[in-house]
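Notes to accompany the following structure.
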Amino acid sequence: METAADMKQKALANVYDVQLYIDGQFVDAESNQQFDNISPFTNEKINSVAAGSKEDIDKAAKAAKTAFKGAWGKMKQSERIYYINRIADLIDEHIEELAPLESYDTGLPISITTKMVSRASQNFRFYAEMVASRMVGEAYQVDDEFLNYTIHKPVGVAGLITPWNAPFMLETWKIAPALATGNTVILKPAEWSPLTANKLAEIIDKAGLPKGVFNVVHGYGETAGASLVQHEEVQLISFTGETTTGSEIMKNGADALKRFSMELGGKSPIIIFEDADMERALDACTWGIFSFNGERCTANSRLYIHEDAAEKFIAALKERVDNIQVGDPLDKSTQVGPLIHIDHYKTVKSYLNLAVKEGCEVYQGSIPEQFMRGNYIPPTILLNADHSMQVVQEEIFGPVLAVMTFRDEEEVIELANDTRYGLAGYVWTKDIQRGHRVSQAIDSGMLWINSQNVRDLRTPFGGARHSGIGREGGYYAFDFYTEMQVIHVALGDHRIPQFGKK
Ligand code: NAD
């Protein structure tokens, strides 16, 4: 079996200074500025990254617009779909490089990144298939007078702004529908996870797409990101990230009347009734909060356990917390790795201090001595939590679970809905009527009954309230990435008013 050292070798073989990818070429930023990319595992520098800004976004927008008006825009759909499938094949061919690189860059365990990279190729294949088979219009017949029909047209240049928590998968989740529906793309990856975005640019380059169709501009959110949002030639912005950033972006894009899709933060509840299959609920609950190092938007970060089952469940939860494998992200047996960046580590740490001040009992696993240089937070549960606390109301985005008990259905629905978020939710009960009833009463975009988060790519993905605006996924992505046009055709001599006729 490959060791962590073997994986590190594989990652290092693909580490070099990261440039921008504009108009089919890897280039430095116009300003020649760079920033350092830091390892979550050692807090040492990994490499330098070109820091793009307005000038680079201008160049990318010009290239993307030219490609949209030219080669890509004029291409037949079947040929475009060939390229989308070709990208999927090339991703699969490079899994062995991509997964270690992503783990090295982000601290996500290799077991997770391996799955996420194969999800990335599925995203391309899925949208190739969806566009070929489901991007269809509607026709409305009006007696013998009219036939009115709709078509989907690509919007133009799509600006995609992504976070660091599952970079490669989330980037492809947006790029695949944007390209498959015929748009051209400028990707602005998160500054803390730049490596695999450039690997994707290499793959897309190798797939032979016309130049300018896909561009990557690295850089800070406030410079490269903001310029992308404000650019007149960029018709739409698909954003995934924090709620506060989303609202800032909407303000910045207002003058240019930008079209937005917003996938934002979450503080999702898991509700476990006394009749649930406790062993499976425990598996799902621990995985749902501690996988992805707790940096998962749909994490079940609030547990509501029925008071009759609480004592036993919490004891079992503590045992799991004690035994979760905290380790080197490149080690195949690792379940929890280091957080992405020292700044994020400090934020999560400050929430743990706050939890104590607010009156929680903080129960934690441990970090092996040899990993102390990394940004490790051990799996943590906050006991005696309640809804007056910030640690219950706010997204912590680390391996931290707030634990609460409840007495009845009405109470738990009220508690579940008592945050500003509404991304996901999880309900565990063997009473199927109660399962549906409670699920439908929860204000979230997505809900799972008797399951952890298992994605079905055909279904709408997105959040309610402060967790998002709009839905991506399935054919719902067509609403965002295409402009629907209706064509009204007169079939005969319907009446036309005759103004001014004598
Ligand atoms: P973030 O908001 O800090 O950054 C996300 C991206 O936005 C980065 O690329 C950043 O450079 C860019 N950005 C920052 N300021 C900007 C600005 N003014 N203009 C344009 N771009 C700007 O988020 P993060 O810390 O990278 O990611 C974690 C957050 O993402 C969490 O809140 C998590 O819940 C959320 N998330 C949501 C989903 C979802 O589908 N709802 C999925 C994953 C992550």
Side-chain angles (χ1 to χ4, degrees), residues 17-34 49-73 75 80 83-84 86-87 90-91 120 123-124 154-162 167-168 170-191 193-221 223-240 249 253 256 258-259 481:
D17 286 355
V18 162
Q19 292 180 293
L20 314 179
Y21 180 68
I22 298 176
D23 206 15
Q25 289 194 314
F26 288 93
V27 292
D28 291 329
E30 285 290 300
S31 66
N32 274 319
Q33 298 281 312
Q34 293 183 317
V49 183
S53 57
K54 184 173 179 312
E55 291 70 35
D56 307 287
I57 293 288
D58 285 345
K59 266 172 61 185
K62 200 166 160 212
K65 189 182 172 189
T66 306
F68 182 69
K69 295 276 174 212
W72 193 244
M75 191 179 280
R80 207 167 70 219
Y83 280 116
I84 303 298
R86 175 95 188 104
I87 297 170
L90 286 169
I91 291 175
N123 287 339
F124 281 99
V155 181
V157 179
L160 312 179
I161 303 180
T162 47
F168 194 71
L170 283 173
E171 287 154 11
T172 59
W173 175 238
K174 294 181 189 299
I175 297 164
L179 290 182
T181 52
N183 301 285
T184 54
V185 162
I186 303 172
L187 171 70
K188 208 305 274 168
E191 44 275 57
S193 58
L195 292 184
T196 47
N198 268 45
K199 213 66 207 147
L200 183 64
E202 285 174 27
I203 284 173
I204 291 182
D205 199 74
K206 202 167 167 188
L209 273 75
K211 63 187 182 130
V213 172
F214 177 69
N215 306 273
V216 182
V217 179
H218 294 277
Y220 295 108
T223 49
S227 306
L228 184 61
V229 169
Q230 286 162 347
H231 206 288
E232 290 287 341
E233 300 291 358
V234 176
Q235 278 74 29
L236 55 87
I237 294 287
S238 174
F239 171 75
T240 299
I249 286 178
K258 206 112 306 174
R259 174 189 295 206
Y481 289 107

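Heads up: numbering here begins at 1 and tracks the sequence.
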Shortest non-hydrogen contact between [X] and [Y], atoms and distance:
{"X": "Arg80", "Y": "Ala180", "result": "NH2-O, 2.8 Å"}
{"X": "Ala197", "Y": "Val216", "result": "O-CG2, 4.3 Å"}
{"X": "Leu20", "Y": "His218", "result": "CD2-N, 3.4 Å"}
{"X": "Phe214", "Y": "Ala201", "result": "CE2-CA, 3.9 Å"}
{"X": "Gln19", "Y": "Asp28", "result": "NE2-OD1, 3.0 Å"}

Nearest 0.5 angstrom please: [X] [atom1] to [Y] [atom2], how far?
{"X": "Ile237", "Y": "Ile186", "atom1": "CD1", "atom2": "CD1", "answer": "8.5 Å"}
{"X": "Leu179", "Y": "Tyr83", "atom1": "CG", "atom2": "OH", "answer": "12.5 Å"}
{"X": "Lys211", "Y": "Tyr21", "atom1": "NZ", "atom2": "OH", "answer": "10.5 Å"}
{"X": "Leu236", "Y": "Tyr481", "atom1": "CG", "atom2": "OH", "answer": "7.0 Å"}
{"X": "Asn215", "Y": "Leu187", "atom1": "CG", "atom2": "CG", "answer": "9.5 Å"}
{"X": "Ile87", "Y": "Ile175", "atom1": "CD1", "atom2": "CD1", "answer": "8.0 Å"}

Acceptor/donor pairs from residues 49-57 side chains to any protein atom, 3.5 angstrom cut, sequence neighbours excluded:
from	atom 1	to	atom 2	distance (Å)
Ser53	OG	Glu55	OE1	3.2
Lys54	NZ	Asp58	OD2	3.1
Asp56	OD1	Glu30	N	2.8
Asp56	OD2	Ser53	N	2.8

Side chain of Lys188, backbone of Gly159: donor and acceptor closer than 3.5 Å?
->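 Such a contact is absent between Lys188 side chain and Gly159 backbone.
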Identify every side-chain donor-acceptor pair in residues 65-72 under 3.5 Å, counting partners at least two apart or on other chains, and give the distances.
from	atom 1	to	atom 2	distance (Å)
Lys65	NZ	Glu233	OE2	3.4
Thr66	OG1	Lys62	O	2.7
Trp72	NE1	Asn183	O	2.9

Decide yes or no on side chain to side chain contact (heavy atoms under 4.5 Å, CB included) for Thr240 and Lys174, but give the supporting numbers first.
-> CA-CA 10 Å; Thr240 299; Lys174 294 181 189 299; 2.7 Å; yes
Test Glu171 against every option in Leu160, Asn123, Thr162, Val185 by the side chain to side chain contact (heavy atoms under 4.5 Å, CB included) rule and name the one that passes.
->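 Between Glu171 and the candidates, side chain to side chain contact (heavy atoms under 4.5 Å, CB included) is satisfied uniquely by Thr162.
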Residues that Lys206 engages under side chain to side chain contact (heavy atoms under 4.5 Å, CB included), provided they are two or more places apart |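 With neighbours one apart ignored, the set is Leu90, His94.
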Are any non-hydrogen side-chain atoms of Val229 and Phe239 less than 4.5 angstrom apart?
->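 Result no, sub-4.5 Å side-chain heavy-atom pair not found.
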Heavy-atom side-chain proximity of Leu200 to Thr196 below 4.5 angstrom |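 No. Closest side-chain heavy atoms not under 4.5 Å.
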Please lay out, stage by stage, how Ile161 and Ile249 fare under the test side chain to side chain contact (heavy atoms under 4.5 Å, CB included).
-> CA-CA 10 Å; Ile161 303 180; Ile249 286 178; 4.3 Å; yes
